[in-house]
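Okay, so here's the structure we're looking at.
Just so you know, these numbers come straight off a predicted model, no measurement behind them.
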Amino acid sequence: MHAALLTAPVDGLDEALEAVDAFDRALVAGLLRPQQAGTTGPTRLADAVVGTPLAARVAEAAGKAAAGAAGEDHFLALAAARTALLGSVHDALLTRAEEAAGRSPGAWAAPAPDGQPTANLLTAARAWLSDLARCGWQGLDHEVVSGAAEVVSAMLPDPSLRRLATLLDGFAAELAASCPGASAERFPLRRWADLWSRGMLLTVPGAAVTPTVGTADGRLLPLGIDVQEHATAAQAQVHAVFEPADGSAPRLVRAGVSVPKPDTVLGAGIWQLLRPHMSLLAAAGEGRSMELSGMPVTAEGDLIWSDEHARPGEPAEAFATARVALPAATAPVTAPLDRHPARIAVPVFLEGYTARTDDDGRLTFTVAGTELVVDTDRIPVAGPLTPEAVAKSGACIALIRWDAGRFGVQPLAVETTVRKKVTSVHAGAWAGGTADKAGVRAEKAATDAAKVLSERAGRLLRK
């Protein structure tokens, strides 16, 4: 682990992010009419992409925005420039993170375009997103936001449009919760601009191509589980090393599952919702490998999990995998539209560090003289791993992430000493079930909540 690389400056990083931030601020007031605050951002984007294939189109779009006369194609060009800048930031940061972990990023091979979705629905989605850019976040009202409802309803039945439909639906819900925009004190500038620009690009026919899918045969060695929980949804993503049966180089892969959930199901209760959809969760929680046969896998290293292509294997301790197999594993590639700093999650094994908690409660690891912030906020409550256990640890399986302008680490598992014995504690240890008292209580509460909701749903259906 070459930790010093994570704190070294990255050429051009600040300039690219400043251009993105300037455009994001312009979206607050909107691009409907000429105004100083609304023209600076597009101009900064145009200046940042000079010398690239986007230069001419973005310069034209910035000029139209300055005159208050930008159309849908101009908004699309601005969204493309913003996405390209963040993509360049992603590439530079990912290269740095992989170098720190002792790996090289993979190369992307573009998939062949598949069938084109219905053009009029894409046009309708782009029109709604263009209306948002014109009115800006301060001009939001329920009439503008509700324009997405019909578009989303028409898109959902079409699998090729479901990615865009889901994005628009969630985006509209966030915007509606902030209406009217004129009375809002603050806006999530980067997040909303991310959703807006991604939505605009997904309205381009062929942008949301189906990823190239191959098959995987061999042994899967789980490293850890990244859990994300929201009021109405939960997701678990297993990071693992895959050893192909043909003896080729091992590689890093992921397998994820997402489910909707009632807001009454919390903590360890989410495993009851996730567990039935993927046997890998139980294997990872129990410290066991999986034998794969014909498992679909994308070029990005994402396993399209199907239990019929997997069976439980021999015990495989995650820290043994991290020490032996992880250093030799090749890194996955990243699809063009997924190139964003927030998506960086590079598995790494750390040991020999010292942990320190500041007066403000911030935990840091000092690795070979380099301080790395530990993102304890990402430690899920649906497992036994706690910030206290991390602070007392001597070894850690983590994800390198980039947030708030710097690299940090998100612990997935740690080795700590309990009663003079080295013990491993995993964030996803309860994925396959637990005898832990807190976990048992949470699972029981989830079972009770599910029964109540089922009974209520039954009564409503009978009516």
Side-chain angles (χ1 to χ4, degrees), residues 213-228 234-259 268-298 300-330 332 345 347 349 380 382-385 397 399 412-415 422-436 439-440 442-443 446-447:
V213 177
T215 55
D217 298 274
R219 185 171 67 156
L220 189 69
L221 304 170
L223 288 166
I225 304 177
D226 178 21
V227 182
Q228 299 179 34
Q235 180 187 62
Q237 187 174 60
V238 180
H239 291 264
V241 175
F242 173 65
E243 296 181 334
D246 60 9
S248 56
R251 51 184 168 140
L252 289 171
V253 295
R254 301 173 295 259
V257 57
S258 302
V259 293
I270 66 171
W271 296 120
Q272 289 194 18
L273 306 177
L274 294 164
R275 199 177 293 141
H277 298 279
M278 194 164 71
S279 59
L280 177 59
L281 292 177
E286 296 167 0
R288 186 173 294 276
S289 66
M290 294 289 280
E291 297 294 333
L292 307 185
S293 177
M295 180 70 72
V297 60
T298 70
E300 292 188 82
D302 289 304
L303 298 171
I304 304 175
W305 193 264
S306 173
D307 281 348
E308 66 183 55
H309 295 290
R311 59 181 177 81
E314 298 296 321
E317 209 279 320
F319 279 92
T321 298
R323 287 184 167 95
V324 178
L326 179 58
T330 59
F349 173 65
L385 187 62
I397 300 171
L399 300 176
L412 299 180
V414 299
E415 281 185 341
V422 176
T423 303
S424 61
V425 186
H426 298 258
W430 296 348
T434 178
D436 182 273
V440 170
E443 292 233 18
T447 301

Do L280 and V257 touch side chain to side chain, with heavy atoms closer than 4.5 Å?
-> no
Check the pair H426, F319 against side-chain contact (heavy atoms from CB on, under 4.5 Å), reporting the backbone distance first and the verdict last.
-> CA-CA 10 Å; H426 298 258; F319 279 92; 4.2 Å; yes
With side-chain contact (heavy atoms from CB on, under 4.5 Å) as the test, would you mind laying out the steps for L292 and F242 before giving the verdict?
-> CA-CA 9 Å; L292 307 185; F242 173 65; 4.0 Å; yes
Tell me, with the steps shown, if V238 and L220 meet side-chain contact (heavy atoms from CB on, under 4.5 Å).
-> CA-CA 11 Å; V238 180; L220 189 69; 5.9 Å; no
Please check if the side chain of H239 supplies one atom and the backbone of R254 the other of a donor-acceptor pair under 3.5 Å.
-> no
Nearest 0.5 Å, what's the CD-OG distance between E308 and S279?
-> 11.0 Å
Side-chain contact test, heavy atoms from C-beta onward, threshold under 4.5 Å: evaluate it for E300 versus P332 and give yes or no.
-> no
Test L303 against every option in H309, M290, M295 by the side chain to side chain contact (heavy atoms under 4.5 Å, CB included) rule and name the one that passes.
-> M295
Do D302 and V253 touch side chain to side chain, with heavy atoms closer than 4.5 Å?
-> no
Just wondering, do P315 and R288 contact through their side chains at under 4.5 Å, heavy atoms?
-> yes
Nearest heavy atoms of P384 and A427, plus distance in Å | CD-O, 4.4 Å
Could you tell me whether the side chain of W305 reaches within less than 4.5 Å of the side chain of L281, counting heavy atoms only?
-> no
Nearest non-hydrogen partners of P276 and L273, listed with the distance = CD-O, 3.6 Å
